[in-house]
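Structure, as structure tokens:
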Amino acid sequence: MSKLRIAVQKSGRLNEDSMRLLKDIGISIDNGKDQLKASAKGFPVEVFYLRNGDIPQYLKDGVVDVAIIGENVLIEKGDGIDFVERLGFSKCKVSIAVPKDSKANSLKDLNGKRIATSYPETVKKFLKAQNIEAQLHKINGSVEIAPNIGLAEGICDIVSSGSTLFKNGLKEIEVLLTSEAVLAVSPKMDSERQAILETIQFRIQSVLKGRQSKYVLLNAPNDKLDAIIKVLPGMKSPTVLPLAEEGWSSVHSVIPKHQFWEVIDELKANGAQGILVCPIEKMVL
Ligand SMILES: Nc1ncnc2c1ncn2[C@@H]1O[C@H](COP(=O)(O)OP(=O)(O)OP(=O)(O)O)[C@@H](O)[C@H]1O
Ligand SMILES: O=P(O)(O)OC[C@H]1O[C@H](OP(=O)(O)OP(=O)(O)O)[C@H](O)[C@@H]1O
Ligand SMILES: [Mg+2]
């Protein structure tokens with residue numbers, strides 16, 4: 001039987017979360033740090049540890065079937081490669097920045113100027129769309145230093161917290177795109193491997209839904225149950241069980257993680273007590 005060949009970043013920003021996701025979907029790999037290819041136990045999958053920047057070409061060539069990769073790299077180098085899942089980690093922007101005291105306020109203000117970047121194709125596309133001409137300098141890392149050493153008037157690089165820009169005396173003037181880790185698929189993948197991919201997608205969706213949700217348990221006075229149930233709609237509807245103490249019930253439900261604090265405040269306001277909030281490992285709807 002064929003195995004699905006999955007590429008992950010060997011080391012760097014994506015590696016840890018990629019390996020955690022594989023583990024959470026039941027793909028466990030014992031490998032030494034230097035092994036660049038490993039088979040999963042009990043599942044038809046092989047994992048390849050590669051440089052993020054090399055992965056689009058491997059996908060195009062069909063040497064790997066799927067990959068966990070930054071969407072920004074697919075935009076830069078992945079013409080014709082689609083992705084099937086957004087994975088919710090390594091969220092960042094690809095932005096244009098200039099020195100804090102620069103008069104430039106948008107990409108247009110860099111017309112005729114020099115821009116240093118690790119993402120030349122992405123920048124070219126945006127320059128062309130806005131009919132701007134700038135001279136591009138491709139550098140592979142520490143892009144934020146370019147204006148300080150007189151290499152360029154502006155830069156285009158990844159921004160997450162903004163601390164690298166701040167430390168280098170730069171300000172963001174335009175966001176070209178937002179990005180997160182995605183599951184990308186080779187246009188050359190065959191149908192036998194497609195079936196393995198579908199199993200993996202189902203598992204990823206269950207894990208991601210679990211990560212986005214919380215399980216809530218609480219005690220409520222029976223005369224407040226209606227109000228509390230309105231705040232906690234749950235997957236279908238909440239579970240309500242009688243407590244040993246007369247007039248009280250235990251309510252169990254699932255809430256979206258981002259609504260957590262608002263929901264807790266409303267529950268307290270409605271007389272809920274002993275509220276427990278637990279993580280959910282996997283969720284199958
Ligand atoms: N500061 C950040 N915050 C969030 N995500 C980031 C950040 N920096 C990079 N990323 C994301 O992680 C990906 C990998 O970044 P990283 O710096 O580890 O590797 P790289 O140098 O681009 O790749 P390679 O593996 O080829 O050396 C980027 O393409 C981007 O999607
Ligand atoms: O907005 P921030 O939170 O400061 O993150 C942005 C920085 O993170 C990345 O660099 P990384 O640390 O991966 O180093 P690299 O240049 O060697 O890839 C990116 O290239 C930026 O420099
Ligand atoms: Mg980096």
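Both ligands and their constituent atoms are indexed starting at 1 by order of listing. Just so we're clear, the structure is a prediction, and the values are computed from it rather than from any experiment.
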Inset, instruction - Give yes if a backbone or side-chain nitrogen or oxygen of Gly141 is under 3.5 Å from a nitrogen or oxygen of ligand 2, and no if not. - result: no

Legend entry - Numbered atoms of ligand 2 (with element) below 4.0 Å of Ser142, judged on heavy atoms: 16 (O)

Legend entry - Under 4.0 Å to a heavy atom of Asp157 - the qualifying atoms of ligand 2, by number: 19 (C), 20 (O), 21 (C), 22 (O)

Inset, instruction - Give the minimum heavy-atom separation between Leu183 and Gln201, together with the two atoms involved. - result: CD2-CG, 4.4 Å

Legend entry - Residue Val73 vicinity, atoms of ligand 1 by number, heavy atom under 4.0 Å: 29 (O)

Inset, instruction - Within a distance under 4.0 Å of any heavy atom of Ser90, pick out the atoms of ligand 1 and give their elements. - result: 5 (N)

Inset, instruction - Ignoring hydrogens, just give me the one of Ser161, Ser118, Cys92 whose non-hydrogen atom is nearest atom 2 (P) of ligand 2. - result: Ser161

Inset, instruction - Give a yes or no on whether Val64 and Ile27 share a hydrophobic cluster (residues Ile, Leu, Val, Met, Phe, Trp, Tyr; joining criterion: side-chain heavy atoms under 4.5 Å apart). - result: no

Legend entry - Under 4.0 Å to a heavy atom of Gly70 - the qualifying atoms of ligand 1, by number: 31 (O)

Legend entry - Per atom 29 (O) of ligand 1, closest listed option by heavy atom (Val94, Val182, Asn52): Asn52

Inset, instruction - Measure the spacing between NZ of Lys209 and CD1 of Ile204 and express it to the nearest 0.5 Å. - result: 12.0 Å

Legend entry - Where Ala181 and Ile68 come nearest, the two heavy atoms and their spacing: CB-CG2, 4.4 Å

Inset, instruction - Using only heavy-atom distances, determine whether the side chains of Glu172 and Ser95 contain a donor-acceptor pair under 3.5 Å. - result: yes

Inset, instruction - Check ligand 2 against Thr164 and write out every atom of the ligand that is under 4.0 Å from a heavy-atom position of the residue. - result: 2 (P), 4 (O), 5 (O), 6 (C), 7 (C), 22 (O)

Legend entry - Heteroatom distance test (Asn72, ligand 1): nitrogen or oxygen, under 3.5 angstrom: yes

Legend entry - Lys91 heavy atom under 4.0 Å from ligand 1: yes

Inset, instruction - Answer side chain, backbone, both or neither: which part of Val143 comes under 4.0 Å from ligand 2, heavy atoms only. - result: neither

Inset, instruction - Closest by any non-hydrogen atom to atom 9 (C) of ligand 1: pick that one out of Asn140, Val159, Leu74, Ile158. - result: Ile158

Legend entry - Non-hydrogen atoms of Ala220 and Ile228 that approach each other most closely: CB-CD1, 3.4 Å

Inset, instruction - Provide the closest heavy-atom pair for Ser90 versus Arg13 in the form atom of the first, atom of the second, distance. - result: OG-O, 3.7 Å

Inset, instruction - Taking only heavy atoms of Gly12 into account, list the atoms of ligand 1 that are under 4.0 Å away from them. - result: 18 (O)

Legend entry - Of the listed options Arg13, Lys10, Glu180, closest to atom 12 (O) of ligand 1 (non-hydrogen atoms): Arg13

Legend entry - Polar contact flag for Arg51 and ligand 1 (N/O pairs, less than 3.5 Å): yes

Inset, instruction - Give a yes-or-no answer on whether the side chains of Asn72 and Tyr119 include a donor-acceptor pair shorter than 3.5 Å. - result: yes

Legend entry - Gln9 side chain vs Ser11 backbone, donor-acceptor pair below 3.5 Å: yes

Legend entry - Atom indices of ligand 2, in the order listed, that fall short of 4.0 Å to a heavy atom of Gly162: 1 (O), 2 (P), 3 (O)

Inset, instruction - Output yes when the distance from some N or O of ligand 1 to some N or O of Gly53 is under 3.5 Å, and no in every other case. - result: yes

Legend entry - Check: Glu121 main-chain N/O paired with Glu76 side-chain donor or acceptor under 3.5 Å: yes

Legend entry - Those atoms of ligand 2 less than 4.0 Å from some heavy atom in Val159: 1 (O)

Inset, instruction - Can you spot which of Arg211, Arg203, Lys282 makes a salt bridge (Lys or Arg N to Asp or Glu O under 4.0 Å) with Asp24? - result: Arg211

Inset, instruction - Using a strict cut-off of 4.0 Å, indicate which atoms of ligand 1 neighbour a heavy atom of Gln9. - result: 14 (C), 16 (P), 18 (O), 19 (O), 23 (O), 24 (P), 25 (O)

Inset, instruction - Consider only side-chain heavy atoms of I, L, V, M, F, W and Y, link residues closer than 4.5 Å, and tell whether Leu14 and Tyr49 are in one cluster. - result: yes

Inset, instruction - Examine the side chains of Ser39 and Lys3 and answer whether a donor and an acceptor come within less than 3.5 Å of each other. - result: yes

Legend entry - Which of the ligand 2 atoms, numbered from 1, are nearer than 4.0 Å to a heavy atom of Glu144: 21 (C), 22 (O)

